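The chains referred to below are lettered A, B, ... by the order of the sequence lines, with proteins before strands, and numbering in each begins at 1. A quick note: this is a predicted structure, and the numbers were derived from the prediction, not measured. Heavy atoms only: backbone and side chains are in, while hydrogens, waters and symmetry mates are out.
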Amino acid sequence: MIEITGLTRKYGNFYALNDLNLSIKEGVVFGFVGANGAGKSTTFSILATLLQPTKGDALINGKSVRNEPHEVRKQIGYMPDFFGVYDQLKADEYLDFYGASYGIPAKEREKLIPELLELVNLTHKRYEYVDLLSRGMKQRLCLARALIHNPSVLILDEPASGLDPRARVEMRDILKQLKSMGKTILISSHILPELAEMCDEIGVIDGGQLVAHGSVAEIHEQLQNERPVSVHLLGDLTGFVSFIEEQPFVSNVTVDERRSLVKFSYRGSDEEQMALLKTAILKDLPIITFSQAETDLEDVFMEITKGVEMK
Amino acid sequence: MRELLYNPVLIKELKLRFRSVKSSLGLTFYLLAMSIFVFGMIFLATNMTGSGFFRPDESYFMFIVLTYIQLALILFITPGLTAGTISTEREKQTLTILLTTSQRSWQIIIGKLAASIAFLLLMLVSGLPIYSLVFLFGGVSPGQLAVIFLFFLLTVVAIGSLGIMYSTVTKKTIVSMIATYGSMLFLTGVTAFFFVLAIQSGFTSAVQSPSLFAHFWASINPPMMIFSFVSPEGSQFLTQITQVNFPGWIIYVGFYLLIIFVSLLIAIKKLRVNMGKMR
């Protein structure tokens, strides 16, 4: 269970994070979406007790990152977006070192390490030097490292960044497995469709502020009042373009002459959209198809963050 | 108590350090250099002079020279071993993960310091059989050797602590190295210069009074303190010239313990600098 209240981080006059309020229930996989510099890593650094908030606090399983960082560290497994590994340390020694760092007894570590390596499909690399592993393997090993003390909360900052498609799929499968184990997972990514597939909830952060929060379906709903409409016409497009530009609730009209397509955003109700189509047909405009495009998560993200930039 | 006895950072650092080819090469060259010097000197004193034996005063001279060689080695190697301990972790991007483990800041700092010192101690101890050759020929007491080793230990820990402090407060290893070597230069060179200045100013005044400053600068200067340890005349000379009858070694021990305490305190406080009071 994570409770974030009024979390703010300032660098001079710049707000890297501004009054973030969020509640994430136990066992939920929460996707944090945002452009570079939006405040994702700052949030994760604060939750991982690497950075002190200027204002506000976050409670992880009831422990405050501000006042009980040592206790928080026992509750979380953190995987940063960029990390290095120690040269001349083998995969099992790497995990053993971090296990010891969390105070796990040697006998318990001996049992744990093969299990974790199996979980991340690295059993065959147990005695390989860590710096010789591929990027994807290092990412998986780092995930195993984050799990060594059996934390209830996982904070994964862009775990799939820089991975090839196969490694991405492998990482996604492991995360699904962790989800089934009941872990609360906070994950940030630029690969939005991947998040949609994995996450129970999504938070969109932009300019240090949480601009949207909810399930993937709820975020889609937030955009329902502005639907992208695509109209395929036969012949001359100018008549339809001048007609549509005069209509209420219409914005962002774009024309693709090569494909005889006109696209626009429509904010009216279903009834008003139906009336618009009826009027266009009565005016003998050469419409072949009139369709509402499906908004995917990328569109949602672009739409939401555009709104914040304009503020 | 368990935390004090078992330090994962220390174990890991020792493992990494002793796996490195550089470490074994360094150790080999050090022992080689020491052996060449000792056996070369014995050879010169016995064969080349035609006397066929090695006199105790020659053995004593060899002991003094060896002590200074070891001191130079300590002053030269310690910054190199300690000034990059934290900053290298930062540069290699391994520090963030280390800081999110449940290890306390002091555990990490002490582990790093202990691992660096352990290697230096290994160097000193591995040179001990060569060092001990002086006993074969007399002129040096085991007590003297023990005092010298304790002196070396204190100096190593102090310079090591300085190195770790700079490594924690600076972002780049190169800056930390420069700062640590600079501090070492201050302790060995600048303090000697200040000592000379303080003595000079004492001589120019009409009435010669005890020069506390001169005594202090001499007492915190490692080469000068070695001189007082290896020869009884050394400490007498210092008392005579400064007119302060207070054992220099007490000032040395006090000053270097203070360096250790302050440096480690700063390093521990600054390790999780972004967390303010949160450690």
Side-chain angles (χ1 to χ4, degrees), chain A residues 9 11 41-42 44-54 57 64-90 93-94 96-106 109 129-131 138 141-142 145-146 148-149 151 155 157, chain B residues 1-25 84-112 115 119 171 173 268-279:
Chain A
R9 175 72 198 191
Y11 294 98
S41 292
T42 306
F44 281 15
S45 294
I46 292 174
L47 294 178
T49 73
L50 289 167
L51 200 61
Q52 189 175 32
T54 312
D57 200 358
S64 156
V65 295
R66 186 180 274 280
N67 303 317
E68 302 159 282
H70 190 67
E71 292 305 314
V72 168
R73 283 175 205 132
K74 292 176 187 168
Q75 311 280 330
I76 59 159
Y78 174 61
M79 185 172 165
D81 48 354
F82 298 105
F83 63 91
V85 290
Y86 298 108
D87 306 339
Q88 309 208 8
L89 213 58
K90 291 171 185 170
E93 292 171 337
Y94 178 81
D96 187 67
F97 164 59
Y98 286 106
S101 297
Y102 282 105
I104 300 167
R109 296 201 301 268
Y129 283 105
V130 178
D131 56 329
K138 279 182 193 164
L141 185 66
C142 189
R145 192 265 318 149
I148 191 116
H149 56 300
I155 300 169
D157 199 356
Chain B
M1 191 62 193
R2 215 179 115 255
E3 284 180 342
L4 272 172
L5 295 174
Y6 184 78
N7 190 314
V9 172
L10 172 64
I11 307 286
K12 186 262 295 173
E13 288 288 314
L14 287 177
K15 201 179 274 180
L16 293 185
R17 200 176 290 282
F18 289 108
R19 250 176 209 175
S20 159
V21 183
K22 279 187 280 181
S23 301
S24 45
L25 275 179
T85 46
I86 300 294
S87 50
T88 308
E89 291 249 8
R90 200 177 282 123
E91 284 164 358
K92 282 186 167 181
Q93 297 180 317
T94 49
L95 189 64
T96 24
I97 295 177
L98 188 61
L99 295 183
T100 54
T101 65
S102 53
Q103 284 197 89
R104 302 275 186 186
S105 298
W106 67 262
Q107 276 182 290
I108 297 172
I109 294 292
I110 297 294
K112 290 274 182 189
F119 182 71
K171 280 186 180 161
T173 302
I268 291 166
K269 290 265 174 205
K270 295 286 178 186
L271 184 65
R272 289 183 163 113
V273 66
N274 290 322
M275 291 302 289
K277 287 177 184 169
M278 306 151 65
R279 309 213 174 264

Worked verdict on B/Gln107 versus B/Val9 for side-chain contact (heavy atoms from CB on, under 4.5 Å): CA-CA 8 Å; B/Gln107 276 182 290; B/Val9 172; over 6 Å; no

Stepwise side-chain contact (heavy atoms from CB on, under 4.5 Å) test for B/Arg90 and B/Thr173: CA-CA 9 Å; B/Arg90 200 177 282 123; B/Thr173 302; over 6 Å; no

Test item: side-chain donor near acceptor, B/Ser23 and B/Arg17, under 3.5 Å: no

Largest heavy-atom contact set with chain B, pairs under 4.5 Å, which of A/Ala100, A/Ser101, A/Pro80: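 Sorted descending by pairs with chain B, the first entry is A/Ser101.
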
Which of A/Glu68, A/Arg145, A/His149, A/Met79 touches chain B most, by non-hydrogen pairs under 4.5 Å: A/Arg145

Set of residues satisfying ring-ring contact (aromatic ring centres under 6.0 Å, His included) with respect to A/Tyr78, sequence neighbours excluded: none

Partner set under ring-ring contact (aromatic ring centres under 6.0 Å, His included) for B/Phe119, not counting sequence neighbours: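 By the ring-ring contact (aromatic ring centres under 6.0 Å, His included) rule, B/Phe119 matches B/Phe18.
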
Qualifying residues under side-chain contact (heavy atoms from CB on, under 4.5 Å), relative to B/Ile110, sequence neighbours excluded: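 So B/Ile110 forms a side-chain contact (heavy atoms from CB on, under 4.5 Å) with B/Trp106, B/Leu264.
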
Trace of the side-chain contact (heavy atoms from CB on, under 4.5 Å) decision for A/Leu47 with A/Ile76: CA-CA 9 Å; A/Leu47 294 178; A/Ile76 59 159; over 6 Å; no

Region of B/Glu91 in contact with chain A, defined by heavy-atom distances below 4.5 Å: neither

Toward chain A, the part of B/Lys92 with a non-hydrogen atom under 4.5 Å: both

Residue-level contacts of residues 81-88 of chain A with chain B, using a heavy-atom cutoff under 4.5 Å: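 Result: A/Phe82, A/Phe83, A/Gly84, A/Val85, A/Tyr86, A/Asp87, A/Gln88.
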
Side-chain donor/acceptor of A/Arg109 to backbone N/O of A/Ile104, under 3.5 Å: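 A pair under 3.5 Å: yes.
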
Pairs of heavy atoms under 4.5 Å with chain A: top-ranked of B/Ile11, B/Leu16, B/Leu99, B/Thr96: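 The option with the most such pairs is B/Leu16.
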
